[in-house]
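Report on one structure; see the data block that follows.
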Amino acid sequence: MWPKGRSIECLDSFHSTPFGTPPASSSSTIEFLLTTLDAKMGPQAYDYADKPLHGGQIRLLSLQKPAGDSPGAWSLEITTLREAREPYVALSYTWGMPLNEPPFDSMTADRCHEFGCGGKSVLVTANLLSFLKHAEADRKLARNKFWIDAICINQVDLEERAAQISMMAKIYESAEYVLAWLGEADREPLLTGRAFRFLNRLAAGEVMPPIQSNAAAAAADISDSQASIKLFQRTYWSRAWIIQELVLAKKAIVRCGEHEADFGVFANASHHLATGTWGEVFNHRRHQLRRQVPQSVAGAHIAELYCIPAALKATKDCLGTEHWTNILLYSLIRSRNFESTLPEDKIYSLLGLIEGSVNVGAMPLLRPNYANPDAAAKAYLNLALLLLRESYDLLVLTCVEGQSFQPLRATTSIPSWVPDWSCRRPLGLRVTGYKRYSADACFDPPDGPASPAQKLLRWPVEIRGTGFRSILGLRAFEVDRVSLVGEAKHEVRQGKPFPSLLAILESLPPRYHATGEDKLEALWRTLIGNTAGQERAAPDSSPLDRGFARWLRDAVDEAAGGLDAEWSRRKASFARFCQNNLSWCELSGGDDAALAYYASTFSHGKHLRPFLTARKYLGLGTENVKEGDKVFLVPRCVIPLIFRPLAKPGDGEEDDYELVGGSYLHGFMDGKAATGIAALGGFQLIDKLRTIIVH
């Protein structure tokens with residue numbers, strides 16, 4: 001029996017046992033599954049008792065009769081997964097509607113369409129039925145044997161279902177290839193074909209950024225790119241379970257209707273969109289689509305779905321090179337915008353990725369407990385505790401973004417230092433792993449950097465208490481207090497006035513003392529985290545500086561400030577600055593290409609806001625940062641952390657904090673500025689470390 005009304009496949013409700021990890025007991029699994037059923041499935045005529053499964057076995061579906069005028073004759077056979085003699089294709093798809101617009105929005109996750117198998121009838125969903133019809137009509141496709149969850153698993157046998165779910169990662173990993181079915185082609189003739197052709201050209205580097213193309217070519221490419229938007233609006237791309245299905249695949253093919261392409265095409269095209277100016281074209285079209293479709297699919301809180309194939313490829317690339325804790329955490333960071341029916345499945349859907357590196361079944365903290373009313377919060381807490389104990393670094397703490405991005409804190413007492421993975425907004429500095437940052441290098445011994453293992457032994461995290469009462473003891477160096485915060489980046493991009501950002505510019509000394517740069521350069525580098533859109537620093541000589549000047553001038557001119565007195569005053573002050581500042585005059589001639597480059601780079605990390613500290617250090621932090629928050633450097637943490645002091649009963653000392661989130665602090669990201677502060681002050685940084693308590 002399957003739940004009704006799921007926009008993502010109903011199997012999400014039952015994939016809750018982590019792959020490779022048996023449930024605490026079969027009876028508890030069955031009890032959970034039964035309690036989640038909210039509708040009765042229709043009669044199922046096919047008798048799976050004729051083909052029972054035993055340990056390590058799976059069923060495969062094949063077409064026994066060539067496609068022709070008469071319908072194909074499908075049948076099931078049994079094979080042992082480890083000894084599968086014939087290759088098979090594993091289908092990756094959504095049970096519900098593939099696209100939230102007519103006529104697709106009438107396709108529910110209910111299994112109410114008859115499908116002939118072995119001379120009998122199996123009930124399937126509308127989206128799956130459309131794939132099976134395509135398979136019958138496509139002779140090449142019809143020659144394959146398929147593993148399809150809804151047909152190859154007896155859906156009314158809860159014991160079998162739980163056993164097959166535990167094998168899911170191995171099933172997709174062992175397939176000859178995984179077929180990602182996006183659904184039927186678009187209702188508009190030729191639109192889907194145009195989209196596939198455009199993505200092929202984009203992946204091959206044959207499409208110039210629109211700002212660099214001639215008018216006719218740019219218009220044609222933009223038209224084709226808008227056709228491609230529909231492919232990334234497909235509900236398939238927001239399923240949490242596609243991460244393991246595509247990442248573990250030996251090979252993957254993406255198919256929509258009769259059109260198909262290698263997954264590598266989508267990954268390469270996605271990379272160009274995520275890091276180049278074409279992303280701005282997609283963003284503009286995506287904002288138009290938001291006004292046409294329901295908030296649930298194209299809402300403001302969902303990250304750009306066109307980034308997902310690139311993120312999946314990055315996850316696949318790190319499987320053989322990263323520690324299992326990084327594989328799991330990087331995957332969670334990249335999949336922020338994915339959804340699952342149960343929020344705790346944001347974790348459990350990824351456990352198949354680390355099965356080859358660690359014994360997941362031997363980790364009690366990763367064992368699900370669905371009977372707990374706070375199951376998701378408990379799962380997130382347990383994962384954070386496990387990562388703090390097992391990871392060489394403190395990257396998990398940088399994934400916190402403050403209470404606005406921790407919805408579970410409204411209903412549970414989850415600690416501030418636990419990332420809430422149910423929040424589906426694109427958070428953080430948008431550089432997964434922050435590999436080019438090393439803010440904690442200032443704590444390295446004089447004879448050279450310490451190894452990760454040495455750092456772990458020297459700077460362990462003290463964990464006190466249990467459950468939601470768990471608190472952390474961290475050794476940390478206080479850099480400064482936040483004295484001024486600017487507007488969030490998404491507010492600036494929406495054309496809202498930003499007087500506080502201009503106030504930050506006005507408050508800076510002519511030379512930024514942490515680096516010696518002109519204050520304009522320090523500001524533009526800070527606003528983009530000093531990155532050129534990828535995991536590298538913006539070069540010393542870059543069109544980004546001229547692009548920034550043009551971008552800032554246009555943003556000031558276009559902001560709708562109305563009669564706001566503060567905004568008018570700041571604009572007037574900025575106009576005087578532009579007239580009198582020599583550096584500004586040298587940079588103000590940025591062309592359209594430079595403008596597009598900076599605007600595209602600035603668009604990353606839209607939920608960040610700039611801030612200024614009391615000692616005039618520039619930073620970029622979570623949207624939740626406030627004046628009075630404090631910036632700390634913490635050993636084993638490659639970026640600075642922002643903490644908010646909590647009132648301590650009794651002596652009133654500010655030793656107790658809640659974690660607000662990670663930050664970029666200009667000049668401090670390689671440890672040099674902090675080392676310079678210590679040298680000027682005549683002290684050793686490690687002598688200034690103190691223990692702070694994080695609640």
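Just so you know, these numbers come straight off a predicted model, no measurement behind them.
Within the structure, salt bridge (charged side-chain N to carboxylate O under 4.0 Å, His left out) pairs that include any residue of residues 665-674 comprise D670-K672 (at least two apart or interchain). Sorted by first and then second residue, the ring-ring contact (aromatic ring centres under 6.0 Å, His included) pairs with a member in residues 668-687 read Y617-F668; sequence neighbours excluded. Within the structure, the ring-ring contact (aromatic ring centres under 6.0 Å, His included) test picks out the following pairs touching residues 480-505 (sequence neighbours left out): H490-H607, F498-W567.
Remark: Y512 pairs with H666 by the ring pair (Phe, Tyr, Trp, His ring centres under 6.0 Å) rule, at least two apart or across chains. In terms of the salt bridge (charged side-chain N to carboxylate O under 4.0 Å, His left out) criterion, D393 has no residue partners (sequence neighbours excluded). With sequence neighbours left out, the ring pair (Phe, Tyr, Trp, His ring centres under 6.0 Å) criterion links F574 to W584. For R570, the salt bridge (charged side-chain N to carboxylate O under 4.0 Å, His left out) partners are E506, E566, not counting sequence neighbours. For T613, the side chain to side chain donor-acceptor pair (under 3.5 Å) partners two or more places apart in sequence, or in a different chain, are D480. Qualifying salt bridge (charged side-chain N to carboxylate O under 4.0 Å, His left out) partners for R389, counting only residues two or more places apart in sequence or in other chains: none. Residues meeting the ring pair (Phe, Tyr, Trp, His ring centres under 6.0 Å) test with Y392, sequence neighbours left out: H323. Judged as a salt bridge (charged side-chain N to carboxylate O under 4.0 Å, His left out), and not counting sequence neighbours, the contacts of R409 are E658.
The two atoms that bring P309 and F232 nearest to each other are CG-CE2, 3.8 Å, heavy atoms only. Counting all heavy atoms, side chain and backbone alike, R336 lies closest to P419 at NH2-CB, 4.5 Å. Across every non-hydrogen atom of L202 and A269, the tightest pair is CD2-O, 3.8 Å. When all heavy atoms of L501 and P610 are compared, the closest pair comes out as CD1-CG, 3.8 Å. For the pair G662 and I639, the tightest heavy-atom approach, listed with the atom from each and the gap, is CA-CD1, 3.8 Å. For the residue pair S603 and R493, the shortest heavy atom distance occurs at CB-CZ, 3.5 Å.
Within the 4.5 Å cutoff, the side chain of T325 has no heavy atoms near those of the V396 side chain. A 4.5 Å side-chain heavy-atom check between V694 and F643 finds at least one atom pair inside the cut-off.
Side chain of N530 to main chain of R525: no donor-acceptor pair is present (N/O by atom type, distance under 3.5 Å, no hydrogens or angles). Between the side chain of D420 and the backbone N or O of L408 there is at least one donor-acceptor pair closer than 3.5 Å. Side chain of R481 to main chain of G628: no donor-acceptor pair is present (N/O by atom type, distance under 3.5 Å, no hydrogens or angles). No donor-acceptor pair closer than 3.5 Å links the side chain of Q579 to the backbone N or O of R576. Counting only distance, with no hydrogens or angles, the side chain of Q406 and the backbone of E401 share no donor-acceptor pair below 3.5 Å. Side-chain atoms of S663 do not come within 3.5 Å of backbone N or O of L665 as any donor-acceptor pair. Of the possible donor and acceptor atoms, one in the side chain of S270 sits under 3.5 Å from a partner among the backbone N and O of A310.
Note that NE2 of H695 and CD1 of I692 are 10.0 Å apart. Values are rounded to the nearest 0.5 Å. Taking CG of L319 as the start and CD of E322 as the end, the distance is 10.0 Å to the nearest 0.5 Å. A distance of 11.0 Å separates CG of L329 from CG of L386, quoted to the nearest 0.5 Å. To the nearest 0.5 Å, atom CG of residue L641 and atom CG of residue L474 are 8.0 Å apart. Between the CD atom of E517 and the CG atom of L523 there is a distance of 11.0 Å, given to the nearest 0.5 Å. Taking CD1 of I693 as the start and CG of L646 as the end, the distance is 11.0 Å to the nearest 0.5 Å.
A 6.0 Å sphere centred on NZ of K688 holds no more than 12 heavy atoms belonging to other residues, nucleotides or ligands. By the 6.0 Å contact criterion, NZ on K313 is open, its count of non-hydrogen atoms from other residues, nucleotides or ligands being 12 or less. Within a 6.0 Å radius of CD in E462, more than 12 heavy atoms belonging to other residues, nucleotides or ligands are found.
Taking the six-membered ring for Trp and thresholds of 30 and 60 degrees, W551 and F602 have ring planes inclined between 30 and 60 degrees apart.
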Which side-chain N or O atoms in residues 439-454 pair as donor and acceptor under 3.5 Å with protein atoms at least two apart or in another chain?
| residue | atom | partner | partner atom | Å |
| --- | --- | --- | --- | --- |
| D440 | OD2 | R636 | N | 3.1 |
| S451 | OG | Q454 | N | 3.1 |
| S451 | OG | Q454 | OE1 | 3.3 |
| Q454 | OE1 | S451 | N | 2.8 |

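Between K489 and E623 no salt bridge is recorded (no basic side-chain N to carboxylate O distance below 4.0 Å). Here D557 does not pair with K571 in a salt bridge; the nearest charged N to carboxylate O distance is not below 4.0 Å.
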